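Below, chains carry the letters A, B, ... as their sequence lines are ordered, and counting in each starts from 1. Predicted model only: the values in this text are computed from it and were never measured.
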There are 2 protein chains.
Amino acid sequence: MKPPPDSSQDTRQRLLEAAVLLFAQKGFDGVGIREISQKAQANSALVQYYFGSKEGLYLAAMSFLFDQGIDSVAALPAPPSLDEPEAFAKALDCLKGYIHAFLEELFACHDPAKCSRELQSAAHLFWTRELMEPAAGRVDIILGHVRPYADYLAACIRVLRPDLAEDAQFLMGSSIHAQIMFFHRDMSMISLLRGSAYGPQDVGTLATHISDFSLRGLGLGNTLQGVQ
Amino acid sequence: MKPPPDSSQDTRQRLLEAAVLLFAQKGFDGVGIREISQKAQANSALVQYYFGSKEGLYLAAMSFLFDQGIDSVAALPAPPSLDEPEAFAKALDCLKGYIHAFLEELFACHDPAKCSRELQSAAHLFWTRELMEPAAGRVDIILGHVRPYADYLAACIRVLRPDLAEDAQFLMGSSIHAQIMFFHRDMSMISLLRGSAYGPQDVGTLATHISDFSLRGLGLGNTLQGVQ
DNA sequence: TTAGGTTAATCAATCGATTGATTGAGTCAA
DNA sequence: TTGACTCAATCAATCGATTGATTAACCTAA
């Protein structure tokens with residue numbers, strides 16, 4: 001009947017979440033296990049107890065993020081296959097939806113409020129860091145995280161531009177992903193250059209721009225109305 | 001007649017270059033001054049002597065990179081103004097040239113050979129790092145480095161799409177810069193996804209793709225021949 | 001029910017190593 | 001001699017990691 005005193009796994013969880021947040025903010029070398037355990041209100045020795053080492057904690061944080069993965073892509077309608085009826089129109093919708101969903105995910109809730117998405121926001125910072133220099137040995141986890149995104153987009157493009165070689169299709173997908181991530185990654189620099197940053201309230205604007213720009217880029221400008 | 005014993009400024013220089021290389025590779029927290037001075041074949045105390053502190057060395061490295069700036073943008077023909085004759089055609093050439101030059105800069109010479117561009121290559125890694133989280137106090141230097149790039153591209157777009165509002169023009173420029181930098185930043189991830197990385201030998205291919213994709217994206221698809 | 005034993009979980013204290021920084025003596029050309 | 005330069009030695013602070021002790025919950029034989 002009494003309130004359960006921190007069941008053991010709760011402490012482990014707090015350590016994991018604190019690790020995600022701080023590793024995302026400052027990188028592996030930027031935080032110490034003391035700072036992490038302080039934020040988690042736990043003893044620093046528990047890092048070794050639960051995860052073996054600081055690197056173990058980092059790996060666990062990655063796996064943790066991967067497991068409770070952000071399902072915005074999984075939640076999207078499956079992209080059509082080539083022989084499907086109305087495949088083209090469906091792929092078009094999928095592509096637009098994907099761009100919007102990905103952007104929304106990236107810009108999700110930067111509120112100080114105890115939003116459950118605080119972790120999500122940090123998660124993408126975390127992945128962005130790891131993406132730039134994938135340490136050997138962690139490659140599988142990162143690929144597992146990234147692959148669904150790449151595959152979804154590739155599937156759309158395969159239907160939209162079946163005439164292109166696979167190489168060319170890959171380039172197209174890269175151009176689209178580049179834009180989506182740019183507005184999130186380079187938020188600070190954009191803010192410096194144009195005076196103000198893009199925020200969650202701009203996701204619609206950004207998604208529309210990227211969609212229009214990319215559909216024209218894909219050579220599908222004729223399917224857009226009202227644009228030169 | 002005897003070999004000149006490291007003139008003082010030479011040691012300082014070696015420290016600076018070693019700092020650029022290592023900071024670029026591992027980030028500020030990833031390297032110690034001992035490792036830096038060892039690579040520079042200098043005493044670690046000289047970091048404090050010449051630069052005051054580790055952070056001073058980091059700042060000096062940034063300024064150093066900024067000063068001996070990579071002039072590929074400055075070397076390009078100035079983008080035309082709106083009222084200039086044949087402004088459109090010139091802007092088109094400038095844009096294409098810019099994309100190619102920027103890409104070539106990013107992919108410049110990864111050879112182990114003592115290529116003077118080894119620094120250049122590290123430089124962009126350095127800037128990429130700093131771009132993601134511009135530390136207060138260093139903002140001016142970074143802006144000074146980035147501004148010419150942003151301005152050049154903006155000038156081109158202003159001529160190519162004078163009908164667009166400034167906001168929309170900024171979005172266009174962002175979409176283009178996003179692509180250029182993506183293929184460099186996410187080299188490792190691209191390599192994992194498609195099996196092999198893009199290298200200096202692919203600059204032409206990439207530049208052509210980005211140019212074509214972006215010109216269509218800009219709504220100038222009609223100026224391209226042979227593409228749907 | 002109770003006493004004794006086992007376990008996982010947590011803690012403060014401490015380890016050796018490494019960090020950035022400081023010192024004071026030394027070198028050498030001017 | 002002076003002043004710019006360089007060095008080995010050393011500083012306090014912090015790093016990740018280890019230790020032994022403590023706690024609380026559970027299990028089991030009496």
Side-chain angles (χ1 to χ4, degrees), chain A residues 1-64 126 129-130 135 137-138, chain B residues 1-64 126 129-130 135 137-138:
Chain A
M1 200 50 71
K2 65 182 175 185
D6 289 355
S7 88
S8 69
Q9 290 308 312
D10 189 42
T11 305
R12 203 186 114 104
Q13 193 75 4
R14 287 203 316 275
L15 274 173
L16 265 180
E17 299 192 4
V20 168
L21 259 49
L22 290 176
F23 279 144
Q25 280 177 28
K26 314 187 181 184
F28 183 81
D29 294 317
V31 241
I33 58 172
R34 283 174 174 83
E35 188 178 355
I36 295 177
S37 22
Q38 184 180 0
K39 186 182 182 86
Q41 292 180 312
N43 191 285
S44 69
L46 294 178
V47 168
Q48 274 74 30
Y49 178 73
Y50 281 118
F51 309 101
S53 66
K54 185 188 180 185
E55 177 148 353
L57 173 58
Y58 188 83
L59 269 177
M62 259 177 73
S63 299
F64 167 70
F126 194 102
R129 248 180 229 286
E130 194 65 23
R138 310 172 188 158
Chain B
M1 203 48 74
K2 62 180 175 184
D6 291 352
S7 88
S8 70
Q9 289 308 312
D10 188 44
T11 306
R12 202 187 113 101
Q13 193 73 5
R14 287 203 316 276
L15 273 173
L16 265 180
E17 299 191 4
V20 168
L21 259 52
L22 290 176
F23 279 143
Q25 281 177 28
K26 313 188 182 184
F28 183 81
D29 294 318
V31 243
I33 58 172
R34 283 175 173 82
E35 186 178 355
I36 295 177
S37 20
Q38 184 181 1
K39 184 182 183 85
Q41 290 180 314
N43 190 284
S44 69
L46 295 178
V47 169
Q48 274 73 28
Y49 178 76
Y50 281 117
F51 309 100
S53 66
K54 184 188 181 185
E55 175 148 355
L57 174 58
Y58 187 83
L59 269 176
M62 259 177 72
S63 299
F64 167 71
F126 194 102
R129 247 180 228 286
E130 194 65 25
R138 309 171 188 158

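Considering only side-chain N and O atoms, Y50(B) lies under 4.0 angstrom from the phosphate OP1 or OP2 of dT6(D). Distances shown here put a side-chain N or O of Q48(A) below 4.0 Å from the OP1 or OP2 atom of dA17(D).
Closest contact between the side chain of Y49(A) and the listed nucleotides dG16(D), dG20(C), dA9(C) involves dA9(C).
Taking atom CD on E55(A) and atom C1' on dA17(D), their separation rounds to 14 Å, with Å as the unit. Between the NZ atom of K54(A) and the P atom of dC15(D) there is a distance of 9 Å, rounded to whole Å. Regarding Q38(B), its CD atom lies at a distance of 13 Å from the P atom of dG20(C), rounded to whole Å. Distance CD (E35(A)) to P (dC15(D)): 8 Å, rounded to an integer number of Å. Look at CG on L15(A): it is 13 Å from P on dA9(C), rounded to the nearest Å. Taking atom CZ of F51(A) as the reference point, atom P of dA8(C) lies 17 Å away to the nearest angstrom. Between R12(A) atom CZ and dT10(C) atom P there is a gap of 11 Å when expressed in whole angstrom units. Rounded to whole angstrom, the span from the CG atom of D10(A) across to the C1' atom of dA8(C) amounts to 15 Å.
Taking each heavy atom of A42(B) and R14(B) in turn, the nearest pair found is CB-NH2, 4.4 Å. Nearest heavy-atom pair across I36(A) and A18(A) is O-CB, 3.7 Å. Of all the heavy atoms in V20(A) and F126(A), the pair that sits closest is O-CD1, 4.0 Å. Across all their heavy atoms, E35(A) and L22(A) have their closest contact at O-CD1, 3.9 Å.
The CD1 atom of I33(B) lies 12.0 Å from the CZ atom of F51(B); values are rounded to the nearest 0.5 Å. Taking CD of E130(A) as the reference point, atom OH of Y58(A) lies at 3.5 Å (rounded to 0.5 Å). Separating the CD atom in Q41(A) from the CG atom in L15(A) is a distance of 11.0 Å, to the nearest 0.5 Å.
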Sequence-aligned protein contact record of nucleotides 7-12 of chain D, with B where the base is within under 4.0 Å of a protein heavy atom and S where only the sugar-phosphate is: BB-B--

